[in-house]
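Numbers restart at 1 for each chain; the letters A, B, ... are given by sequence-line order, proteins then strands.
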Number of protein chains: 2
Amino acid sequence: MSEKIIKNNKVSLLEVARAAGVSKMTASRVLRNEGGYSEQTRAKVMQKVDELGYLPNRLATVFAGDKTSTFVGVSIPDLGNEVFAQVLESIDRKLGAFGHQTVLGLTQHTLQEEENWIRTVLSWQPAGLILTGRYHSPRALEMLKNAGIPIVEIWDLNSSPLDMCVGINHFDSGFDMGRYLIGLGYRHVGYVGTSHDVANAASTRLSGFCKAIEGAGGSVVKQLCLHDTATFYPGFYGTEQLLGSTDGIECVFYQNDAMAFGGLQYCESRRMVVPDDIGIAGWGNLPIASVVGKRLTSVHVPHLKLGQAAAEMMMARLSDEPIARTRDIGFRLIPGATVRASDSR
Amino acid sequence: MSEKIIKNNKVSLLEVARAAGVSKMTASRVLRNEGGYSEQTRAKVMQKVDELGYLPNRLATVFAGDKTSTFVGVSIPDLGNEVFAQVLESIDRKLGAFGHQTVLGLTQHTLQEEENWIRTVLSWQPAGLILTGRYHSPRALEMLKNAGIPIVEIWDLNSSPLDMCVGINHFDSGFDMGRYLIGLGYRHVGYVGTSHDVANAASTRLSGFCKAIEGAGGSVVKQLCLHDTATFYPGFYGTEQLLGSTDGIECVFYQNDAMAFGGLQYCESRRMVVPDDIGIAGWGNLPIASVVGKRLTSVHVPHLKLGQAAAEMMMARLSDEPIARTRDIGFRLIPGATVRASDSR
DNA sequence: GGGACTTGAGTTACCCGTAACGCTGCTATA
DNA sequence: TATAGCAGCGTTACGGGTAACTCAAGTCCC
């Protein structure tokens, strides 16, 4: 089935050089536009490069110069979350514009997966790493410190990053949402999410949210943390579970917009009127929120800007330009129409 | 700011070997579990590996063995499209399970971007490539043929792939949707999409759709191809544009579900009743479709299975197991509630 | 006790580029 | 005319591993 496929018929620089009747070094110089050769020689070499379909072997280049590669390892928890997918997209675009390549790592929100991936990706001598989240396993931390390459931690702002950091303050974003809901007169609220791990941004948001609610005399009646993905359907049945088991909840805050949409659909399917009967607040401001009739109350995070900033910080560091170690990318609360308009107690 | 960071303080195998008082080769054997050493030697080497925090340099390994790496290049048009994001996710998970890494390439739906990326990624000696789409630039084709590595073309089924192929027949999926709508009595339909390029799957679907409609005496009154991304908002304003410029459209077929949702929202915002006043049909079956009150008429593509299959075909080929060259992953038309229930002319 | 085999190493060459240096022959200048 | 300078190109060594080979010492069997 694949006799020829296996054979490695790669053309090396030496073959190009021989075909052109020059030394390997001269061919190398031509290909790197280094100068030190005649126009005639250049033409001959380039002709052979074309004829033989020569593709340089970058492994050898990296190897020869004892440099790092143009790989940048990028770890992302999962791509089911649209926001992360778009962060990845903007990172990759920016890195690509600078001639760097993304080596992907999906950590499934676990530090162990991240550690395994870090070990592997470091063995490829990447130019740098971009990691989602500020929490890493002890062994991961040790490897990262020894790696001696630029590292950007994204998503969760961190005043003392391993190296560099860009993101938002999740505690504050939860806190602001809590205060906003309190300001609208909500006192008994619920939460639906999926994190059962304190070491992540969603938990941090929840902490901030609780602090704001409880600090103002309200109460987070129930926090539901499902063992599922943070997507539409869990939002749907999570809401059913929350409202079915607890009375008096006036408003529900969700881990993200996808879950909030699920909750919104659940409420509408049960003929509850949002926001009259119940308030719904999401987080992340998914694109779909802009077309749905009832604007979802949410928190906007400039995720494209976040990805771009991460890639830019990486590139700045790689070219030794001065750059701030941390950058707060900011967020914006979006009032929306899925919570009551003003205090109506 | 980063004096130490620049310095390359990597520990090499030679240093480990010296510290352990053995030759480089012996240390290499220990690390590869090759056998041919005493338990005592093994322990000594492993102890030094730990002490020095040695991480193997895989570039060197690949280089030395003149083998391919454990990289697999994966090209995806964009991650704004949830379906592609999830295909990528399932590919990466499966590859990861086999100890391979994904090098990402976002082609932005252009063959030129794909070609550039292919050139770069091939220079890293990847074990194989997974490419979205069956169309490639002439130079890309040449490089791919010379590369001598397994290639899986995904998404768009292709009876004569470069090497292997997994996907669905997009023409058929469009055709089936057309026939379905005809069967419900629709005769004058519209289309809203974003592709202005024949060389892609969306165009192929549209062709199939038109064939079915026109073959049955109906007509595709207007095909609107926006210069925008295939997301919610373009679906919204595209529908406005379509319905504003053309009378008598009974049903609209969209390039994908995101656009269809945008259209649905537009219709509802204008107090049009779906499906009584107008029918809406999407494609791709986004997760959100499962929670929205009115089930969107769509075509389900098993995208997770698609990604898995692609990775499995790649791995099978890499380990020289027999594997079918092409695999039709199938699709399923989802009737939904956004088109009329039966012929009601 | 001698030859064959096994065990546990070490040695050498090589993968494909690039840095550093060397060499040749021509030109410009004093 | 001597010499410095430089364009143009070649030679050598090297990076971090691994394949293939070699080799010494111990074991086994007849």
Side-chain angles (χ1 to χ4, degrees), chain A residues 7-46 48-49 52-71 120 122-126 147-148, chain B residues 7-46 48-49 52-70 120 122-127 147-148:
Chain A
K7 170 166 165 284
N8 196 338
N9 52 357
K10 301 250 165 60
V11 181
S12 79
L13 186 60
L14 181 59
E15 294 171 61
V16 172
R18 276 215 254 267
V22 298
S23 75
K24 223 169 56 156
M25 201 56 220
T26 298
S28 172
R29 281 191 273 250
V30 168
L31 280 160
R32 285 175 297 130
N33 277 311
E34 211 206 48
Y37 43 81
S38 65
E39 168 53 26
Q40 199 186 8
T41 303
R42 198 199 63 80
K44 220 165 30 179
V45 170
M46 291 312 284
K48 292 300 170 187
V49 163
L52 301 172
Y54 171 71
L55 277 184
N57 181 338
R58 302 258 243 138
L59 294 191
T61 306
V62 171
F63 204 53
D66 198 19
K67 309 180 226 186
T68 55
S69 65
T70 54
F71 285 128
T120 304
L122 282 180
S123 73
W124 292 111
Q125 321 297 108
Chain B
K7 171 167 164 284
N8 197 339
N9 52 357
K10 302 252 166 61
V11 181
S12 79
L13 185 59
L14 182 59
E15 294 171 60
V16 172
R18 277 216 253 268
V22 299
S23 75
K24 219 170 58 157
M25 203 54 221
T26 299
S28 171
R29 281 191 274 252
V30 168
L31 281 159
R32 283 175 298 130
N33 278 311
E34 211 205 47
Y37 43 80
S38 65
E39 168 53 27
Q40 199 185 10
T41 303
R42 198 199 63 80
K44 221 166 29 179
V45 170
M46 290 313 284
K48 292 301 170 187
V49 164
L52 301 172
Y54 171 71
L55 277 183
N57 182 337
R58 302 257 243 136
L59 294 190
T61 305
V62 172
F63 198 51
D66 198 19
K67 312 178 227 190
T68 54
S69 64
T70 55
T120 303
L122 282 180
S123 72
W124 292 110
Q125 321 297 109

Practice item. Please list all pairs passing the side-chain hydrogen bond (donor to acceptor under 3.5 Å, both in side chains) test where one or both residues lie in residues 19-28 of chain B, with sequence neighbours left out. Key: B:Ser23-B:Thr26, B:Ser28-B:Arg32

Review point. Excluding sequence neighbours, so at least two apart, what forms side chain to side chain contact (heavy atoms under 4.5 Å, CB included) with B:Val62?
Key: A:Leu59, A:Trp124, B:Ser69

Point to revise | Closest-nucleotide 5' rank along DNA chain D - winner of B:Ala60 and A:Glu39 | key: A:Glu39

**Study point:** Reported CG-to-CZ distance for the pair A:Leu122 and B:Arg58, which is rounded to 0.5 angstrom
**Key:** 11.5 Å

**Study point:** Residues in side chain to side chain contact (heavy atoms under 4.5 Å, CB included) contact with B:Thr61, at least two apart in sequence or another chain
**Key:** none

Point to revise | Rounded interatomic separation in angstrom, taking CG from A:Leu13 and P from C:dT18 | key: 7 Å

**Study point:** Distance (rounded to the nearest 0.5 Å) between B:Leu31 CG and B:Arg42 CZ
**Key:** 10.0 Å

Review point. Looking for any heavy atom pair under 4.0 Å, which part of the strands does B:Val22 touch: base, sugar-phosphate only, or nothing?
Key: sugar-phosphate

Check your understanding: Near DNA chain D, under 4.0 Å by heavy atom, which residues of residues 24-35 of chain A?
Key -> A:Met25, A:Thr26, A:Arg29

Practice item. Verify the neighbour count for atom CD of B:Gln40: are there more than 12 heavy atoms of other residues, nucleotides or ligands below 6.0 Å? Key: no

Practice item. Indicate the atoms forming the closest heavy-atom contact of B:Ala27 with B:Val22, along with that distance. Key: N-CG2, 4.2 Å

Practice item. Take the protein atom CG of A:Leu14 and the nucleotide atom P of C:dC16, then report the distance between them rounded to whole Å. Key: 9 Å

Exercise for review: Could you pull out the closest heavy-atom pair between B:Tyr54 and B:Val11, with the gap in Å?
Suggested key: CD1-O, 3.2 Å

Exercise for review: Give the first and the last nucleotide of DNA chain D, reading 5' to 3', that has any atom under 4.0 Å from a heavy atom of chain A.
Suggested key: D:dG8 to D:dG16

Check your understanding: Rounded to the nearest Å, what distance is computed from the CZ atom of residue B:Phe63 to the C1' atom of nucleotide C:dC16?
Key -> 4 Å

Study note, to complete from the structure: Between B:Ser23 and A:Ala64, whichever has its closest DNA chain C nucleotide further toward 5' is B:Ser23

**Study point:** Derivation of the side chain to side chain contact (heavy atoms under 4.5 Å, CB included) call for B:Lys10 and B:Leu55
**Key:** CA-CA 8 Å; B:Lys10 302 252 166 61; B:Leu55 277 183; over 6 Å; no

Review point. Which dot-bracket string describes DNA chain D (Watson-Crick N1-N3 plus N6-O4 or O6-N4, or G-U N1-O2 and O6-N3, all under 3.5 Å; [ ] crossing; | other strand)?
Key: ||||||||||||||||||||||||||||||

**Study point:** Ion pair check, A:Glu15 and A:Arg18, cut-off under 4.0 Å
**Key:** no

